[in-house]
Engineer: 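Have a look at this one before I ask anything.
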Amino acid sequence: MQLVLRLRPLALAASLLGGGLSFATGAAAAPGLDAQGLAALDAAIAPLAPKMVEWRRDIHAHPELSGQEKRTARLVAEHLRRLGMEVQTGVGGMGVVGTLRGALPGPVVALRADMDALPVAEKTGLPFASRAKAQYMGKEVPVMHACGHDAHVAMLMGAAEALAGMKAQLPGTVKFIFQPEEEGAPIEADASGHVPSFGAKAMVEAGALKDVKAIYGLHITANLPPGVVGYRVGPLMAGADNVTIQVEGRGGHGSSPWNAVDPVVAATQVVAGLQTIVSRQLDISKEPAVLTIGAINGGTRYNIIPDSVEMLGTLRTFDEGMRADAHQRIATTAEHIAAASGAKAKVRFGPVSYPVTTNPAELTEASLPALKLAMGGKVMVIPKVSGSEDFSEFQKQVPGFFYFLGATPEGKDYQTAPSNHSALFDIDEKQLPVGARSLAALAVDYLKRAQ
(Lines give C-alpha, C1' and ligand atoms only; values in the text may rest on other atoms or scores of the structure.)
Protein backbone atom coordinates (compact mmCIF):
# COMPACT_ATOMS: atom_id res chain seq x y z
CA MET A 1 0.00 0.00 0.00
CA GLN A 2 1.30 3.41 -0.97
CA LEU A 3 0.40 5.81 1.82
CA VAL A 4 1.33 9.46 2.02
CA LEU A 5 -0.66 11.13 4.74
CA ARG A 6 0.45 14.71 5.44
CA LEU A 7 -1.55 17.01 7.69
CA ARG A 8 -0.64 20.70 7.74
CA PRO A 9 -0.35 22.17 11.25
CA LEU A 10 -3.24 24.58 10.54
CA ALA A 11 -5.44 21.71 9.39
CA LEU A 12 -4.58 19.75 12.52
CA ALA A 13 -5.31 22.79 14.69
CA ALA A 14 -8.65 23.27 12.94
CA SER A 15 -9.60 19.66 13.63
CA LEU A 16 -8.64 20.11 17.25
CA LEU A 17 -10.69 23.26 17.64
CA GLY A 18 -13.57 21.85 15.65
CA GLY A 19 -13.88 18.72 17.75
CA GLY A 20 -12.30 16.44 15.15
CA LEU A 21 -9.66 15.51 17.71
CA SER A 22 -10.40 15.66 21.40
CA PHE A 23 -7.83 14.79 24.03
CA ALA A 24 -10.40 14.79 26.84
CA THR A 25 -10.63 11.45 28.63
CA GLY A 26 -13.96 12.05 30.28
CA ALA A 27 -16.12 11.13 27.30
CA ALA A 28 -19.02 8.78 27.87
CA ALA A 29 -18.10 5.12 27.76
CA ALA A 30 -19.05 3.02 24.79
CA PRO A 31 -22.24 0.95 25.06
CA GLY A 32 -20.20 -2.23 25.07
CA LEU A 33 -16.72 -1.50 26.37
CA ASP A 34 -16.54 0.61 29.53
CA ALA A 35 -13.68 2.02 31.60
CA GLN A 36 -13.53 -1.13 33.73
CA GLY A 37 -13.30 -3.33 30.66
CA LEU A 38 -10.57 -1.12 29.19
CA ALA A 39 -8.62 -1.33 32.45
CA ALA A 40 -8.75 -5.12 32.22
CA LEU A 41 -7.46 -4.95 28.65
CA ASP A 42 -4.67 -2.60 29.67
CA ALA A 43 -3.65 -4.96 32.45
CA ALA A 44 -3.41 -7.78 29.91
CA ILE A 45 -1.62 -5.80 27.18
CA ALA A 46 0.90 -3.73 29.18
CA PRO A 47 3.14 -6.70 30.10
CA LEU A 48 3.24 -7.71 26.41
CA ALA A 49 4.89 -4.48 25.21
CA PRO A 50 8.45 -5.90 25.31
CA LYS A 51 7.27 -9.01 23.44
CA MET A 52 5.67 -6.89 20.72
CA VAL A 53 8.89 -4.95 20.25
CA GLU A 54 10.82 -8.22 20.03
CA TRP A 55 8.36 -9.69 17.50
CA ARG A 56 8.39 -6.53 15.41
CA ARG A 57 12.18 -6.40 15.28
CA ASP A 58 12.49 -10.07 14.45
CA ILE A 59 9.98 -9.80 11.61
CA HIS A 60 11.57 -6.54 10.43
CA ALA A 61 14.98 -8.22 10.23
CA HIS A 62 13.49 -11.14 8.26
CA PRO A 63 11.02 -9.56 5.79
CA GLU A 64 9.32 -11.64 3.12
CA LEU A 65 7.80 -10.53 -0.17
CA SER A 66 4.19 -11.08 -1.19
CA GLY A 67 3.44 -14.77 -1.54
CA GLN A 68 6.70 -15.72 0.21
CA GLU A 69 5.64 -15.10 3.85
CA LYS A 70 6.56 -18.63 4.98
CA ARG A 71 8.66 -17.72 8.03
CA THR A 72 6.26 -15.02 9.22
CA ALA A 73 3.26 -17.32 8.83
CA ARG A 74 5.03 -20.05 10.80
CA LEU A 75 5.90 -17.60 13.59
CA VAL A 76 2.29 -16.44 13.81
CA ALA A 77 0.80 -19.95 13.69
CA GLU A 78 3.10 -21.23 16.45
CA HIS A 79 2.19 -18.25 18.64
CA LEU A 80 -1.55 -18.77 18.17
CA ARG A 81 -1.25 -22.50 18.88
CA ARG A 82 0.61 -21.76 22.12
CA LEU A 83 -2.37 -19.61 23.10
CA GLY A 84 -4.66 -22.62 22.65
CA MET A 85 -6.46 -21.39 19.55
CA GLU A 86 -7.80 -23.31 16.60
CA VAL A 87 -5.32 -22.45 13.84
CA GLN A 88 -5.68 -22.73 10.07
CA THR A 89 -2.65 -22.27 7.85
CA GLY A 90 -2.32 -22.00 4.09
CA VAL A 91 -5.54 -19.97 3.92
CA GLY A 92 -5.60 -18.29 0.52
CA GLY A 93 -1.86 -18.88 0.13
CA MET A 94 0.29 -18.12 3.17
CA GLY A 95 -2.63 -16.84 5.25
CA VAL A 96 -3.12 -17.81 8.89
CA VAL A 97 -6.39 -17.69 10.83
CA GLY A 98 -6.58 -18.19 14.57
CA THR A 99 -9.97 -18.71 16.23
CA LEU A 100 -10.51 -17.81 19.87
CA ARG A 101 -13.85 -19.05 21.20
CA GLY A 102 -14.99 -17.17 24.27
CA ALA A 103 -16.59 -18.99 27.16
CA LEU A 104 -19.84 -17.09 26.66
CA PRO A 105 -22.13 -17.28 23.61
CA GLY A 106 -22.03 -14.50 21.06
CA PRO A 107 -21.20 -13.53 17.46
CA VAL A 108 -17.92 -13.76 15.56
CA VAL A 109 -15.77 -10.68 15.01
CA ALA A 110 -12.45 -10.57 13.12
CA LEU A 111 -9.22 -8.59 13.44
CA ARG A 112 -6.76 -8.44 10.54
CA ALA A 113 -3.05 -7.77 10.01
CA ASP A 114 -1.06 -8.00 6.77
CA MET A 115 2.33 -9.75 6.69
CA ASP A 116 4.21 -8.99 3.46
CA ALA A 117 7.17 -6.70 2.80
CA LEU A 118 8.40 -4.73 -0.23
CA PRO A 119 11.30 -4.90 -2.73
CA VAL A 120 13.06 -1.93 -1.13
CA ALA A 121 16.70 -1.55 -0.01
CA GLU A 122 16.54 -0.42 3.62
CA LYS A 123 18.45 2.74 4.55
CA THR A 124 17.30 3.29 8.14
CA GLY A 125 20.54 2.21 9.78
CA LEU A 126 18.59 0.43 12.51
CA PRO A 127 20.49 -2.32 14.38
CA PHE A 128 17.79 -4.76 13.21
CA ALA A 129 17.63 -3.40 9.66
CA SER A 130 16.90 -5.91 6.92
CA ARG A 131 19.69 -7.44 4.91
CA ALA A 132 17.34 -9.89 3.23
CA LYS A 133 17.14 -10.51 -0.49
CA ALA A 134 14.59 -12.49 -2.50
CA GLN A 135 13.47 -13.27 -6.01
CA TYR A 136 11.01 -10.79 -7.52
CA MET A 137 9.91 -10.77 -11.16
CA GLY A 138 12.89 -12.90 -12.11
CA LYS A 139 15.45 -10.74 -10.30
CA GLU A 140 17.15 -10.82 -6.92
CA VAL A 141 16.05 -7.77 -4.96
CA PRO A 142 16.54 -6.37 -1.46
CA VAL A 143 13.52 -6.72 0.86
CA MET A 144 12.29 -4.37 3.59
CA HIS A 145 9.25 -3.88 5.78
CA ALA A 146 8.84 -0.36 4.42
CA CYS A 147 5.09 -0.20 5.01
CA GLY A 148 4.79 -1.21 8.66
CA HIS A 149 3.33 -4.68 8.22
CA ASP A 150 5.89 -5.97 10.72
CA ALA A 151 4.25 -3.70 13.29
CA HIS A 152 0.76 -4.85 12.24
CA VAL A 153 1.69 -8.49 12.84
CA ALA A 154 3.28 -7.73 16.22
CA MET A 155 0.25 -5.72 17.35
CA LEU A 156 -2.22 -8.42 16.37
CA MET A 157 -0.09 -11.11 18.03
CA GLY A 158 -0.23 -8.96 21.17
CA ALA A 159 -3.99 -8.46 20.93
CA ALA A 160 -4.42 -12.22 20.43
CA GLU A 161 -2.41 -13.03 23.57
CA ALA A 162 -4.26 -10.46 25.65
CA LEU A 163 -7.70 -11.64 24.55
CA ALA A 164 -6.76 -15.30 24.95
CA GLY A 165 -6.07 -14.53 28.61
CA MET A 166 -9.58 -13.09 28.92
CA LYS A 167 -11.32 -16.00 27.22
CA ALA A 168 -13.57 -16.70 30.20
CA GLN A 169 -15.13 -13.23 29.91
CA LEU A 170 -15.53 -13.11 26.12
CA PRO A 171 -19.15 -13.23 24.88
CA GLY A 172 -18.45 -14.65 21.44
CA THR A 173 -15.59 -15.54 19.11
CA VAL A 174 -12.64 -13.56 17.76
CA LYS A 175 -10.89 -14.53 14.54
CA PHE A 176 -7.33 -13.28 14.05
CA ILE A 177 -6.63 -13.00 10.33
CA PHE A 178 -2.99 -12.72 9.28
CA GLN A 179 -3.02 -11.92 5.58
CA PRO A 180 -0.34 -12.35 2.89
CA GLU A 181 0.09 -10.42 -0.36
CA GLU A 182 -1.51 -7.09 0.58
CA GLU A 183 1.07 -5.33 -1.57
CA GLY A 184 -0.04 -7.31 -4.62
CA ALA A 185 1.33 -10.61 -5.85
CA PRO A 186 3.61 -10.50 -8.93
CA ILE A 187 1.19 -12.47 -11.12
CA GLU A 188 -0.40 -11.94 -14.50
CA ALA A 189 -3.54 -13.10 -16.24
CA ASP A 190 -3.59 -16.58 -17.68
CA ALA A 191 -4.22 -17.40 -21.35
CA SER A 192 -7.96 -16.83 -20.90
CA GLY A 193 -7.46 -13.47 -19.23
CA HIS A 194 -8.23 -14.70 -15.70
CA VAL A 195 -6.12 -13.24 -12.90
CA PRO A 196 -5.68 -15.68 -9.98
CA SER A 197 -6.92 -14.32 -6.66
CA PHE A 198 -4.39 -13.26 -4.04
CA GLY A 199 -4.25 -11.48 -0.69
CA ALA A 200 -7.51 -10.63 1.03
CA LYS A 201 -9.61 -11.82 -1.90
CA ALA A 202 -7.98 -15.27 -1.83
CA MET A 203 -8.54 -15.52 1.93
CA VAL A 204 -12.20 -14.60 1.50
CA GLU A 205 -12.59 -17.28 -1.18
CA ALA A 206 -10.91 -19.78 1.18
CA GLY A 207 -13.51 -19.11 3.87
CA ALA A 208 -11.58 -16.87 6.26
CA LEU A 209 -14.71 -14.82 6.98
CA LYS A 210 -17.00 -17.78 7.64
CA ASP A 211 -19.55 -16.71 10.29
CA VAL A 212 -17.80 -13.34 10.77
CA LYS A 213 -20.21 -10.43 11.36
CA ALA A 214 -17.70 -7.55 11.33
CA ILE A 215 -13.97 -7.00 10.81
CA TYR A 216 -11.49 -4.37 12.03
CA GLY A 217 -8.04 -3.42 10.79
CA LEU A 218 -5.53 -0.61 11.14
CA HIS A 219 -2.53 0.80 9.32
CA ILE A 220 0.43 2.41 11.02
CA THR A 221 1.84 5.67 9.64
CA ALA A 222 4.63 8.06 10.56
CA ASN A 223 2.61 10.95 9.11
CA LEU A 224 0.08 11.37 11.90
CA PRO A 225 0.98 12.58 15.41
CA PRO A 226 2.11 9.67 17.61
CA GLY A 227 -0.71 7.89 19.38
CA VAL A 228 -3.43 9.56 17.31
CA VAL A 229 -5.99 7.57 15.32
CA GLY A 230 -7.17 8.91 11.97
CA TYR A 231 -10.40 7.72 10.36
CA ARG A 232 -13.32 8.80 8.23
CA VAL A 233 -16.80 7.54 7.41
CA GLY A 234 -17.36 6.42 3.84
CA PRO A 235 -14.55 6.28 1.27
CA LEU A 236 -11.25 6.30 3.17
CA MET A 237 -8.74 4.89 0.68
CA ALA A 238 -8.86 4.80 -3.09
CA GLY A 239 -9.66 1.84 -5.24
CA ALA A 240 -6.56 0.88 -7.25
CA ASP A 241 -6.19 -0.60 -10.71
CA ASN A 242 -2.99 -1.41 -12.53
CA VAL A 243 -3.37 -0.25 -16.14
CA THR A 244 -1.45 -1.85 -19.01
CA ILE A 245 -1.82 -0.50 -22.54
CA GLN A 246 -0.17 -2.30 -25.43
CA VAL A 247 0.07 -0.18 -28.59
CA GLU A 248 0.68 -2.33 -31.67
CA GLY A 249 2.09 -0.72 -34.81
CA ARG A 250 4.31 -1.94 -37.63
CA GLY A 251 8.06 -1.70 -37.34
CA GLY A 252 10.35 -0.13 -39.88
CA HIS A 253 13.36 2.09 -40.51
CA GLY A 254 13.51 5.43 -38.72
CA SER A 255 14.46 7.14 -41.98
CA SER A 256 11.19 6.18 -43.67
CA PRO A 257 8.35 6.23 -41.11
CA TRP A 258 5.76 6.34 -43.91
CA ASN A 259 6.54 2.68 -44.53
CA ALA A 260 5.72 1.82 -40.90
CA VAL A 261 3.05 2.48 -38.27
CA ASP A 262 4.92 4.18 -35.44
CA PRO A 263 3.64 2.94 -32.04
CA VAL A 264 5.94 5.38 -30.20
CA VAL A 265 4.17 8.42 -31.63
CA ALA A 266 0.77 6.77 -31.12
CA ALA A 267 1.69 6.01 -27.49
CA THR A 268 2.63 9.63 -26.80
CA GLN A 269 -0.71 10.75 -28.19
CA VAL A 270 -2.50 8.17 -26.03
CA VAL A 271 -0.72 9.48 -22.92
CA ALA A 272 -1.79 13.03 -23.74
CA GLY A 273 -5.36 11.93 -24.43
CA LEU A 274 -5.61 10.01 -21.15
CA GLN A 275 -5.02 13.26 -19.25
CA THR A 276 -8.44 14.51 -20.33
CA ILE A 277 -10.27 11.64 -18.62
CA VAL A 278 -9.85 13.07 -15.12
CA SER A 279 -9.61 16.75 -16.15
CA ARG A 280 -12.54 16.79 -18.60
CA GLN A 281 -14.62 13.62 -18.46
CA LEU A 282 -15.07 12.39 -14.86
CA ASP A 283 -17.28 14.33 -12.47
CA ILE A 284 -14.62 15.10 -9.86
CA SER A 285 -17.07 17.30 -7.96
CA LYS A 286 -18.41 13.96 -6.68
CA GLU A 287 -15.10 12.28 -5.78
CA PRO A 288 -11.46 12.83 -6.77
CA ALA A 289 -9.61 10.54 -9.16
CA VAL A 290 -6.02 10.05 -10.32
CA LEU A 291 -4.69 8.47 -13.50
CA THR A 292 -0.91 8.21 -13.89
CA ILE A 293 1.20 6.56 -16.56
CA GLY A 294 4.43 5.62 -14.84
CA ALA A 295 6.34 3.68 -17.52
CA ILE A 296 6.63 3.52 -21.31
CA ASN A 297 8.66 0.70 -22.75
CA GLY A 298 9.43 0.06 -26.42
CA GLY A 299 12.15 0.06 -29.01
CA THR A 300 15.76 -1.13 -29.10
CA ARG A 301 17.68 1.35 -31.28
CA TYR A 302 17.65 5.00 -32.33
CA ASN A 303 16.81 4.35 -35.99
CA ILE A 304 14.41 1.43 -35.65
CA ILE A 305 10.67 1.96 -35.35
CA PRO A 306 9.46 -0.86 -33.06
CA ASP A 307 6.44 -3.04 -33.59
CA SER A 308 4.91 -2.21 -30.21
CA VAL A 309 5.08 -0.03 -27.11
CA GLU A 310 3.84 -0.95 -23.63
CA MET A 311 2.57 1.60 -21.11
CA LEU A 312 2.06 0.94 -17.41
CA GLY A 313 -0.01 3.09 -15.09
CA THR A 314 -2.32 3.30 -12.10
CA LEU A 315 -5.90 4.45 -11.66
CA ARG A 316 -7.16 5.64 -8.24
CA THR A 317 -10.84 6.31 -7.57
CA PHE A 318 -13.11 6.73 -4.52
CA ASP A 319 -16.41 5.60 -6.05
CA GLU A 320 -17.11 2.21 -7.62
CA GLY A 321 -19.39 3.70 -10.28
CA MET A 322 -16.74 6.24 -11.25
CA ARG A 323 -14.17 3.47 -11.26
CA ALA A 324 -16.17 1.42 -13.78
CA ASP A 325 -16.78 4.53 -15.90
CA ALA A 326 -13.05 5.34 -15.89
CA HIS A 327 -12.23 1.81 -17.04
CA GLN A 328 -14.44 2.26 -20.08
CA ARG A 329 -13.11 5.72 -20.87
CA ILE A 330 -9.48 4.61 -20.65
CA ALA A 331 -10.13 1.75 -23.08
CA THR A 332 -12.10 3.94 -25.50
CA THR A 333 -9.56 6.77 -25.44
CA ALA A 334 -6.56 4.50 -26.00
CA GLU A 335 -8.19 2.44 -28.73
CA HIS A 336 -9.51 5.39 -30.73
CA ILE A 337 -6.37 7.52 -30.52
CA ALA A 338 -4.20 4.58 -31.55
CA ALA A 339 -6.55 3.81 -34.43
CA ALA A 340 -6.22 7.39 -35.70
CA SER A 341 -2.51 6.64 -36.25
CA GLY A 342 -3.18 3.30 -37.88
CA ALA A 343 -2.15 1.42 -34.73
CA LYS A 344 -4.10 -0.76 -32.31
CA ALA A 345 -4.32 -0.43 -28.54
CA LYS A 346 -5.15 -3.21 -26.10
CA VAL A 347 -6.03 -2.19 -22.54
CA ARG A 348 -6.14 -4.46 -19.52
CA PHE A 349 -6.54 -3.84 -15.79
CA GLY A 350 -4.83 -5.75 -12.99
CA PRO A 351 -3.43 -7.91 -11.52
CA VAL A 352 -3.70 -5.37 -8.69
CA SER A 353 -7.35 -4.33 -8.74
CA TYR A 354 -8.55 -3.25 -5.31
CA PRO A 355 -12.00 -1.86 -4.53
CA VAL A 356 -12.45 1.39 -2.62
CA THR A 357 -11.80 1.00 1.12
CA THR A 358 -15.07 2.29 2.55
CA ASN A 359 -16.04 2.51 6.23
CA PRO A 360 -19.79 1.93 6.59
CA ALA A 361 -21.46 4.64 8.64
CA GLU A 362 -23.35 2.33 11.01
CA LEU A 363 -20.34 0.25 12.09
CA THR A 364 -18.00 3.25 12.20
CA GLU A 365 -20.28 5.37 14.37
CA ALA A 366 -21.08 2.44 16.65
CA SER A 367 -17.36 1.68 17.09
CA LEU A 368 -16.18 5.24 17.72
CA PRO A 369 -17.04 5.46 21.44
CA ALA A 370 -14.90 2.40 22.21
CA LEU A 371 -12.10 3.63 19.95
CA LYS A 372 -12.09 7.05 21.61
CA LEU A 373 -12.11 5.42 25.02
CA ALA A 374 -9.17 3.19 24.10
CA MET A 375 -7.24 6.11 22.59
CA GLY A 376 -7.89 8.55 25.42
CA GLY A 377 -9.87 10.72 23.00
CA LYS A 378 -6.99 11.03 20.51
CA VAL A 379 -9.13 10.38 17.44
CA MET A 380 -9.55 12.63 14.41
CA VAL A 381 -11.20 12.70 11.01
CA ILE A 382 -8.59 12.71 8.23
CA PRO A 383 -8.75 13.51 4.50
CA LYS A 384 -9.20 10.78 1.90
CA VAL A 385 -6.03 8.80 1.20
CA SER A 386 -5.16 8.09 -2.44
CA GLY A 387 -3.22 5.00 -1.44
CA SER A 388 -5.06 1.69 -1.57
CA GLU A 389 -5.67 -1.36 0.61
CA ASP A 390 -7.13 -4.75 -0.11
CA PHE A 391 -8.84 -4.70 3.29
CA SER A 392 -11.60 -3.50 0.94
CA GLU A 393 -12.07 -7.11 -0.20
CA PHE A 394 -13.12 -8.02 3.35
CA GLN A 395 -15.43 -5.00 3.44
CA LYS A 396 -17.21 -6.30 0.33
CA GLN A 397 -18.30 -9.34 2.35
CA VAL A 398 -18.99 -8.00 5.86
CA PRO A 399 -19.04 -4.57 7.53
CA GLY A 400 -15.46 -3.51 8.14
CA PHE A 401 -13.84 -0.52 9.85
CA PHE A 402 -10.30 0.55 8.91
CA TYR A 403 -8.26 3.32 10.53
CA PHE A 404 -4.73 4.75 10.82
CA LEU A 405 -2.48 4.95 13.86
CA GLY A 406 0.16 7.69 14.09
CA ALA A 407 3.62 6.42 15.04
CA THR A 408 6.16 9.10 14.16
CA PRO A 409 9.61 8.04 15.41
CA GLU A 410 11.07 10.04 18.29
CA GLY A 411 12.90 13.15 17.12
CA LYS A 412 10.96 13.29 13.83
CA ASP A 413 8.24 15.69 12.70
CA TYR A 414 5.15 13.88 11.44
CA GLN A 415 4.90 16.50 8.68
CA THR A 416 8.26 15.51 7.18
CA ALA A 417 8.96 11.99 8.48
CA PRO A 418 9.68 9.40 5.75
CA SER A 419 6.37 7.94 4.64
CA ASN A 420 5.31 4.36 4.03
CA HIS A 421 7.26 2.68 1.20
CA SER A 422 10.32 4.87 1.83
CA ALA A 423 13.68 3.17 2.34
CA LEU A 424 13.93 5.36 5.48
CA PHE A 425 10.52 4.45 6.90
CA ASP A 426 10.46 3.73 10.63
CA ILE A 427 7.97 3.86 13.50
CA ASP A 428 7.71 4.67 17.19
CA GLU A 429 7.63 1.25 18.85
CA LYS A 430 5.82 2.69 21.88
CA GLN A 431 2.72 2.65 19.69
CA LEU A 432 2.71 -1.15 19.37
CA PRO A 433 0.73 -1.73 22.60
CA VAL A 434 -1.48 1.26 21.70
CA GLY A 435 -2.43 -0.41 18.42
CA ALA A 436 -2.97 -3.77 20.11
CA ARG A 437 -5.20 -2.11 22.71
CA SER A 438 -7.30 -0.36 20.05
CA LEU A 439 -7.86 -3.59 18.10
CA ALA A 440 -8.67 -5.63 21.20
CA ALA A 441 -10.99 -2.90 22.48
CA LEU A 442 -12.94 -2.80 19.23
CA ALA A 443 -13.36 -6.59 19.23
CA VAL A 444 -14.54 -6.71 22.85
CA ASP A 445 -16.84 -3.74 22.32
CA TYR A 446 -18.45 -5.34 19.26
CA LEU A 447 -19.07 -8.61 21.07
CA LYS A 448 -20.58 -6.85 24.07
CA ARG A 449 -22.79 -4.59 21.98
CA ALA A 450 -24.14 -7.61 20.11
CA GLN A 451 -25.48 -9.21 23.30
Engineer: Side chains of Val87 and Val96: does their closest heavy-atom pair fall under 4.5 Å?
Structural biologist: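 In contact.
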Engineer: Tell me, yes or no, whether the heavy-atom count around Glu54 atom CD, taken from other residues, nucleotides or ligands under 6.0 Å, exceeds 12.
Structural biologist: no
Engineer: Is any side-chain heavy atom of Thr173 closer than 4.5 Å to one of Leu100?
Structural biologist: no
Engineer: Between Ser285 and Asp283, is there a side-chain donor-acceptor contact under 3.5 Å, judged purely by atom types and distance?
Structural biologist: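 Yes.
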Engineer: Backbone N or O of Leu312 within a donor-acceptor pair of the Thr244 side chain at under 3.5 Å?
Structural biologist: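 Not a single qualifying donor-acceptor pair exists.
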Engineer: Around Glu140, counting heavy atoms of other residues, nucleotides and ligands shown, do more than 12 lie under 6.0 Å from its CD?
Structural biologist: yes
Engineer: Going by heavy atoms in the side chains, are Phe176 and Met85 under 4.5 Å from each other?
Structural biologist: yes
Engineer: Measure the spacing between NZ of Lys378 and CG of Leu371 and express it to the nearest 0.5 Å.
Structural biologist: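 Nearest 0.5 Å value for the NZ-CG distance: 13.0 Å.
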Engineer: Which residue in the set Tyr216, Phe394, Phe391, Tyr231 passes ring pair (Phe, Tyr, Trp, His ring centres under 6.0 Å) when paired with Phe402?
Structural biologist: Phe391
Engineer: Under 3.5 Å, is there a donor-acceptor pair between the side chain of Asp150 and the main chain of Ile59?
Structural biologist: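 No, the answer is negative, given that no donor and acceptor are paired below the 3.5 Å cut-off.
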Engineer: For residues 114-132, which side-chain donor-acceptor pairs fall under 3.5 Å, sequence neighbours excluded?
Structural biologist:
| residue | atom | partner | partner atom | Å |
| --- | --- | --- | --- | --- |
| Asp114 | OD1 | His152 | ND1 | 2.6 |
| Asp114 | OD2 | His149 | NE2 | 3.2 |
| Asp116 | OD1 | His149 | ND1 | 3.1 |
| Asp116 | OD1 | Glu182 | N | 3.3 |
| Asp116 | OD2 | Ser66 | OG | 2.6 |
| Asp116 | OD2 | Glu182 | N | 3.0 |
| Asp116 | OD2 | Glu183 | N | 2.8 |
| Glu122 | OE1 | His60 | NE2 | 3.1 |
| Glu122 | OE1 | Ser130 | N | 2.8 |
| Glu122 | OE2 | His60 | NE2 | 2.8 |
| Glu122 | OE2 | Thr124 | OG1 | 2.5 |
| Thr124 | OG1 | Leu126 | N | 3.3 |
| Ser130 | OG | Ala132 | N | 3.1 |
| Ser130 | OG | Val143 | O | 2.6 |

Engineer: Hydrogens and angles aside, do Gln328 and Thr332 bring a side-chain donor and acceptor to less than 3.5 Å of each other?
Structural biologist: yes
Engineer: We want to know whether Thr314 and Arg316 form a side-chain donor-acceptor pair, criterion being a heavy-atom distance below 3.5 angstrom.
Structural biologist: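 The criterion, which ignores hydrogens and geometry beyond distance, is satisfied for Arg316 and Thr314.
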Engineer: Short question: side chain of Glu389, backbone of Thr357 - any donor-acceptor pair under 3.5 Å?
Structural biologist: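 No, the answer is negative, given that no donor and acceptor are paired below the 3.5 Å cut-off.
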Engineer: Could you tell me if the side chain of Gln246 sits less than 4.5 Å from the side chain of Glu248, heavy atoms only?
Structural biologist: yes
Engineer: Hey, are Asp241 and Arg348 close enough for a salt bridge, meaning a charged N less than 4.0 Å from a carboxylate O?
Structural biologist: no
Engineer: Which value, rounded to the nearest 0.5 Å, describes the distance between Ser341 atom OG and His336 atom NE2?
Structural biologist: 13.5 Å
Engineer: What I'd like to find out is whether the side chain of Asp428 reaches to under 4.5 Å of the side chain of Thr408, using heavy atoms alone.
Structural biologist: no
Engineer: Salt bridge or not for Arg323 and Asp319, using N-O below 4.0 Å?
Structural biologist: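 Looking at Arg323 and Asp319, the cut-off is not met.
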Engineer: Roughly how far, to the nearest 0.5 Å, is the CG atom of Asn359 from the CE atom of Met237?
Structural biologist: 10.5 Å
Engineer: Indicate whether the side chain of Gln281 and that of Thr276 have a donor and an acceptor atom separated by less than 3.5 Å.
Structural biologist: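 Short answer, yes.
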Engineer: Please check this pair: side chain of Asp211 against backbone of Val108, looking for a donor-acceptor N/O pair closer than 3.5 Å.
Structural biologist: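 Not confirmed, Asp211 side chain does not pair with Val108 backbone.
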Engineer: Which is it for Asp426 and Arg56 under the salt bridge (charged side-chain N to carboxylate O under 4.0 Å, His left out) test, yes or no, and what are the steps along the way?
Structural biologist: CA-CA 12 Å; Asp426 191 20; Arg56 183 256 168 165; 3.3 Å; yes
Engineer: Is a donor on one side and an acceptor on the other found under 3.5 Å between the side chain of Glu310 and the backbone of Gly298?
Structural biologist: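 Absent.
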Engineer: Hey, mind stepping through Glu335 and Lys346 against salt bridge (charged side-chain N to carboxylate O under 4.0 Å, His left out) and telling me if it holds?
Structural biologist: CA-CA 7 Å; Glu335 291 167 1; Lys346 298 178 181 178; over 6 Å; no
Engineer: Does the gap between the ring centers of Tyr403 and Phe401 come in under 6.0 Å?
Structural biologist: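 Yes, close enough.
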Engineer: Can you tell me if Thr358 and Gln395 form a side-chain donor-acceptor pair at under 3.5 Å?
Structural biologist: no
Engineer: For the pair Ser392 (side chain) and Pro355 (backbone), establish whether a donor and an acceptor sit closer than 3.5 Å, ignoring hydrogens and angles.
Structural biologist: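 Yes, the answer is positive, given that a donor and an acceptor are paired below the 3.5 Å cut-off.
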Engineer: Ion pair present between Lys51 and Glu161, side-chain N to carboxylate O less than 4.0 angstrom?
Structural biologist: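 Result for this pair is yes, salt bridge flagged.
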Engineer: Indicate yes or no: at least one non-hydrogen side-chain atom of Glu205 is less than 4.5 angstrom from one of Lys201.
Structural biologist: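 Answer yes - side chains close enough.
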